[in-house]
There are 2 protein chains.
Amino acid sequence: MSYVDADACRAWQLLVKFFFGEREYLSLGEEFELSPVQCHLLHLIEPERPLPMGRLAQTLACDASNVTGLVDRLEARGLVQRRQSPGDRRVKVIQLTPTGSRVRTQLLRRATSASRPLARLSAAQQRSLVKILEALVDEPA
Amino acid sequence: MSYVDADACRAWQLLVKFFFGEREYLSLGEEFELSPVQCHLLHLIEPERPLPMGRLAQTLACDASNVTGLVDRLEARGLVQRRQSPGDRRVKVIQLTPTGSRVRTQLLRRATSASRPLARLSAAQQRSLVKILEALVDEPA
DNA sequence: TATTGTTATACTCTATAACTATA
DNA sequence: TATAGTTATAGAGTATAACAATA
């Protein structure tokens, strides 16, 4: 590890710690009995904006067969629905059910609620963090 | 989502995206055929500083039985070793093998190497990010 | 009795390969 | 032929409960 990487290295370890340690991320969906990936999938589907399964596989960076199982379980619980895409009958789009939409809102609220670290950051720190993360994930506001 | 949470919410979604999307985190251990959790476990054990299994379970925020399996697989690959703790014979401490230590160094280097987003941040941004993350994970420098 | 780690079991997550239906 | 999604299969990650060894 050369000296120039010191901050990047430390940032990396802190990011990993944030996600894996302290149950910060892992416990998020606990009260809804949702796994981390299930939470992420729900986050990806905005209400009124269904997504094709292939797109989900791409964003989740996993195999398509995997998405089948994920959607199976979420659908069985009434949180999402498969629908035929009108344009291409091979494609299935996934949309939130009303229940799924409600759960998604609660999840987002919980992720950033007062008892959680993100909410304990100052407003300036939050803005600063957003800015840096946008550069990080290459997604300009 | 009330207006006061907007930045925290956005930060949260960006953090999730950073980890789950773009294969940023998931692909880290790929060339070593290590899963994300295996990478994390290796990061936790510093060379010359073995850790008790119970401590690993605590930090990984998972059940002890899970650590047994994780260590089994890493040990089978010659990356870590179980050792009896001298003080308490119920306790087993996990230490890196020389190979494990080498792999750990390479992992950390890869996580922050030039081709990766963290290294593309400016020095000021990196320092700022570290500071915020320290507040986030409640770990003062 | 309480604690550390293991074993048995079950379910989810994940990938690869073979398959179906559509394009 | 190529693509979207499913099914079959196998291995890894996860938790709960029962257990052995030690404290």
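Numbered from 1 within each chain, the chains take letters A, B, ... in sequence-line order.
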Taking [atom1] from [X] and [atom2] from [N], how many angstroms apart are they, rounded to a whole number?
X        : N       : atom1 : atom2 : result
Leu34(B) : dT14(C) : CG    : C1'   : 16 Å
Arg73(B) : dG11(D) : CZ    : P     : 12 Å
Leu51(A) : dG5(D)  : CG    : P     : 11 Å
Leu74(B) : dA12(D) : CG    : C1'   : 12 Å
Leu70(A) : dT6(D)  : CG    : P     : 11 Å
Asp72(B) : dG11(D) : CG    : P     : 16 Å

Suppose we screen for side chain to side chain contact (heavy atoms under 4.5 Å, CB included). Which residues come up paired with [X], at least two apart in sequence or across chains?
X        : value
Ala11(B) : Leu118(A), Leu129(A), Val130(A), Leu133(A)
Ala76(B) : none
Lys92(B) : Met53(B), Arg82(B), Gln84(B)

Mind checking side chain to side chain donor-acceptor pair (under 3.5 Å) for [X] and listing every partner two or more places apart, or none if nothing turns up?
X        : result
Gln81(B) : Gln95(B)
Ser65(B) : Asp63(B)
Arg55(B) : none
Arg77(A) : none

Exercise. Which nucleotide in the list dA15(D), dG5(D), dG13(D) gets nearest to the side chain of Ser35(B)?
Worked result: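 Among the listed nucleotides, the one closest to the side chain of Ser35(B) is dG13(D).
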Seminar exercise, completed: Of the candidates dT7(C), dT16(C), dT14(C), the side chain of Asp63(A) sits closest to dT16(C)
Seminar exercise, completed: The answer to which of Ala64(A) and Gln38(A) contacts DNA chain C further toward the 5' end, by nearest nucleotide, is Gln38(A)
Exercise. Hey, which of these two, Met53(B) or Asn66(A), hits DNA chain C nearer its 5' end, going by closest nucleotide?
Worked result: Met53(B)
Problem set entry | Smallest separation among heavy atoms of Cys39(B) and Leu34(B), with atom names | SG-CB, 3.9 Å
Problem set entry | Near-strand residues of residues 82-93 of chain A, defined as heavy-atom separation under 4.0 angstrom from DNA chain C |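 Correct list: Asp88(A), Arg89(A), Arg90(A).
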For this session: Find out whether Glu31(A) and Gln106(A) are in side-chain contact, i.e. whether some heavy atom of one side chain is under 4.5 Å from a heavy atom of the other.
Result: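 No, too far: nothing below the 4.5 Å cut-off.
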Restricting to nitrogen or oxygen on both sides, can you table the protein-nucleotides 8-10 of chain D pairs closer than 3.5 Å?
none

